There are 2 protein chains.
Amino acid sequence: MADKVTIATVAAHANVSRQTVSNVLNTPHLVREETRERVREAIAALGYRANQAARLMRTGRSHLLAVRIEPTHDGINGSVLDRFLHGLTEAAAPAGYRILLYAAADDQAEIATYDELLATYELDGFVLTSTHHGDVRTSWLAERAVPFVTFGRPWGRLSPERGAERLARSLPASGAGASEASQLAEPWGRLSPERGAERLARSLPASGAGASEASQLAESWGAPDSHPWVDVDNATGTAAATKHLLGAGHRRIGFIGWPEGSGVGDERRAGWAGAIGGDLPELARATVDGVAEGEAAARDLLSMPDPPTALVCASDSLAAGAYGIASPGVAVTGFDDTAVARVLGLTTVAQPLAEAAARCVDLLAGVLDGGTAPRPVLLPPSLVIRQSA
Amino acid sequence: MADKVTIATVAAHANVSRQTVSNVLNTPHLVREETRERVREAIAALGYRANQAARLMRTGRSHLLAVRIEPTHDGINGSVLDRFLHGLTEAAAPAGYRILLYAAADDQAEIATYDELLATYELDGFVLTSTHHGDVRTSWLAERAVPFVTFGRPWGRLSPERGAERLARSLPASGAGASEASQLAEPWGRLSPERGAERLARSLPASGAGASEASQLAESWGAPDSHPWVDVDNATGTAAATKHLLGAGHRRIGFIGWPEGSGVGDERRAGWAGAIGGDLPELARATVDGVAEGEAAARDLLSMPDPPTALVCASDSLAAGAYGIASPGVAVTGFDDTAVARVLGLTTVAQPLAEAAARCVDLLAGVLDGGTAPRPVLLPPSLVIRQSA
DNA sequence: CACCTCGCTTTGAACGTTCAAGAGGTTATT
DNA sequence: AATAACCTCTTGAACGTTCAAAGCGAGGTG
């Protein structure tokens with residue numbers, strides 16, 4: 001009873017060989033039904049469970065996925081990662097995977113950790129968060145053919161030579177020197193038809209901002225370093241918030257976001273710009289994230305001659321600051337549906353984190369198990385309406 | 001280069017046998033210095049890393065610790081777990097351990113998961129959070145001699161028979177029917193001398209509440225199901241907040257907490273009661289956690305004939321609700337230093353989460369590696385003063 | 001009848017590590 | 001001088017699983 005139950009124990013109990021038990025577990029169709037049943041009964045009776053370490057040694061598959069746990073920056077957005085992790089863990093278990101955590105101070109340290117984890121634990125794959133422009137992590141992993149998914153689309157930007165080289169390796173059939181037009185066309189095709197069309201329709205009508213957003217997306221999307229990813233459509237989120245404000249009668253709607261260059265921030269601004277019919281720089285402020293910063297930016301916007309009557313903010317932190325000093329009539333929206341938004345009563349954009357996590361696992365499991373070609377997933381956020389707008 | 005570097009590769013490169021390489025890694029003192037150096041150079045030159053799976057198969061040590069990731073209840077306290085997890089991950093790595101996540105809906109599911117994880121991944125140990133009265137998880141683990149630490153002290157409460165039975169098994173030498181006095185005396189001795197004395201001095205002087213708190217602690221502490229734990233001294237936290245209010249001139253200080261029976265909640269109330277010189281039920285309200293609940297309780301307290309001028313709350317959620325409706329003169333304190341407290345400017349009690357996590361790893365690693373007898377660790381929280389009090 | 005194929009099952013080896021035992025040489029002990 | 005004790009290192013086996021190959025009986029084919 002207390003002794004370890006191995007495949008040999010089961011084999012003896014069912015009067016078959018080790019390999020037959022293994023086959024029942026891994027390739028049941030090779031085993032005669034009667035035998036299969038007998039083995040299954042033995043497994044159940046003995047409470048046998050396959051030893052992952054031994055299995056790993058033979059197959060090289062650890063069934064372990066790694067995720068980086070970041071220090072919470074200002075704590076406000078911390079719960080986002082928290083919820084995402086929970087979603088990952090829940091989604092991974094039924095697929096037969098477990099989540100391993102690692103910490104890293106920066107991208108270089110993170111790469112060192114990959115190396116370490118791959119060498120010692122033979123991890124099956126990685127889930128990366130916080131992708132950004134010029135992300136060295138994805139190329140490192142891709143070069144070594146390590147399966148991974150990013151939560152956050154790739155923001156691309158490799159040097160031309162490297163890009164061409166990698167493209168030639170990964171897509172030998174397609175034209176390496178594809179024209180801009182084909183690069184623009186192809187990526188959309190990778191989305192599921194409905195989503196792709198829906199998104200295309202939504203992005204293109206908008207004037208300058210919409211177009212530049214689309215081409216930027218295409219650039220990274222069809223780029224040689226493309227890889228499976230899951231993302232929430234940030235632009236749709238801020239657009240929804242903006243439309244909600246328009247519907248409430250607001251005509252001058254300001255935007256408080258982050259400095260240009262952060263993909264996510266640019267997207268959120270593009271959503272706002274698209275909804276009001278074009279980017280109006282005089283109505284937008286860019287600042288690093290933070291409550292005090294949001295307050296300052298809001299003060300600045302609200303003190304202009306013809307001030308906005310509503311503010312769309314790129315984060316709940318900024319929104320919290322803005323809401324704190326805005327006079328009652330001024331509407332404010334945030335982003336992320338954090339606890340702070342809940343407590344303050346901020347209307348905010350909620351990301352479907354559990355869904356996003358589940359799709360990350362799907363994609364990774366697909367690559368690992370099925371070898372299916374992973375398609376990017378873009379999820380729509382939802383607007384949570386509270387009293388602030 | 002691309003080929004796997006195993007211990008055999010290193011052995012060949014250094015002109016020694018496999019076992020010698022193994023000895024250099026695990027029992028270096030058995031190897032002559034010159035050989036040791038040669039092997040180490042080979043290891044460095046080849047970039048060898050021990051394969052954990054193979055090592056695990058032989059030794060039964062996975063170097064993996066598991067932690068449950070809970071769904072964030074109301075999101076406000078979510079970041080607490082988040083920070084704790086980050087601390088664990090960071091502390092575990094240098095000690096040679098990695099953190100594995102698992103999700104479970106309730107204690108029973110959690111136990112099933114233990115079983116699964118132990119059988120398939122041969123986990124080395126568990127870190128449990130959210131310990132509570134009648135926790136079945138700890139006894140399950142203890143019965144199977146699985147190493148674990150809890151973040152949160154044991155709240156005990158086994159049926160007498162089971163207690164006696166387990167006591168007889170685990171402490172064959174000591175008297176099973178120990179008197180209350182010895183139970184009270186012994187536990188304090190397990191703390192480091194200074195801490196024990198400090199804590200004893202702090203708890204006992206208080207009148208009714210302090211005494212009952214102390215005996216309750218003793219009961220669970222010296223209880224047969226005691227195990228290594230790390231906790232933050234909740235009572236000290238609320239006491240510090242209360243003293244801060246007393247120092248600011250407040251004389252009638254109310255308390256908003258949770259229904260009796262949650263160990264943590266009772267402790268936080270005891271801290272308040274101790275600081276004001278005794279538990280005054282008319283100044284205390286108990287409710288489930290939540291912003292709206294905090295608001296209601298505060299309204300109730302503040303509408304009494306001789307209302308309190310300050311409110312000590314058992315959580316930032318409750319405090320957020322209370323602070324929202326309290327008139328400017330009324331001071332409010334929370335607990336946990338969440339993002340909400342930061343944004344609202346709530347004075348609150350901060351738990352040293354990174355430190356707590358590190359101590360959890362220390363204790364667990366101590367049991368696993370050194371076989372040292374683990375001593376409970378009680379950490380002092382700190383008061384973060386903001387404008388709310 | 002000899003041979004091949006098919007369905008099901010078994011056998012031996014291997015994954016990379018550590019344990020248990022022992023080999024060979026040098027030094028200490030009696 | 002014989003023997004024990006020690007130090008250093010090596011050899012074979014084992015952990016629990018799956019891979020690769022082969023065994024074996026039944027049925028089909030030339």
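Each chain gets a letter, A, B and so on, in the order the sequences are listed, and its residues count up from 1. In this text the structure is predicted, and so the values were computed from the model without any measurement.
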Specify the separation, in whole Å, of atom [atom1] of [X] and atom [atom2] of [N].
X	N	atom1	atom2	answer
A:R18	D:dC19	CZ	C1'	11 Å
A:R32	D:dG25	CZ	C1'	11 Å
A:L30	D:dC19	CG	P	11 Å

- Query: Does B:T20 make a side-chain N or O approach to OP1 or OP2 of D:dT10 shorter than 4.0 Å?
  - Reply: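 So the side-chain polar atoms of B:T20 do come within 4.0 Å of the phosphate oxygens OP1 or OP2 of D:dT10, strictly under.
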- How far does the helix from C:dC1-D:dG30 to C:dT30-D:dA1 bend, going by the axes of its first and last five pairs, to the nearest 10°? 60°
For residues [X] and [Y], determine if any side-chain heavy atom of one lies less than 4.5 Å from a side-chain heavy atom of the other.
X	Y	result
B:Y121	A:L64	yes
B:L85	B:L81	yes
A:L128	A:L141	yes

- chain A vs DNA chain C, heavy-atom contacts under 4.0 Å, first-to-last nucleotide span, 5' to 3', is C:dC8 to C:dG16
- Select from B:V16 and A:R49 the residue whose nearest nucleotide in DNA chain D is closer to the 5' end of that strand. B:V16
- Verify, without hydrogens or angle tests, whether A:R153 (side chain) and A:D231 (backbone) share a donor-acceptor contact under 3.5 angstrom. no
- Message: Can you tell me how the ring of A:F126 sits relative to the ring of A:Y102, calling it parallel under 30°, perpendicular over 60° and tilted otherwise?
- Response: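 Rings of A:F126 and A:Y102: perpendicular, over 60°.
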- Task: Locate the shortest heavy-atom distance separating B:A105 from B:R68; write the atom from each residue and the value.
- Result: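 Closest pair (atom of B:A105, atom of B:R68, distance): O-NH2, 3.7 Å.
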- Message: What I want to check is whether the side chains of A:R61 and A:Y97 have a donor and an acceptor closer together than 3.5 Å.
- Response: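 Looking only at side-chain atoms, A:Y97 and A:R61 do form a donor-acceptor pair, the distance falling under 3.5 Å.
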- Query: Looking for any heavy atom pair under 4.0 Å, which part of the strands does B:A50 touch: base, sugar-phosphate only, or nothing?
  - Reply: sugar-phosphate
- Message: Salt bridge check, B:D115 against B:R144: does any charged N sit closer than 4.0 Å to a carboxylate O?
- Response: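 Between B:D115 and B:R144 there is no salt bridge, as every charged N stays at least 4.0 Å from the carboxylate O atoms.
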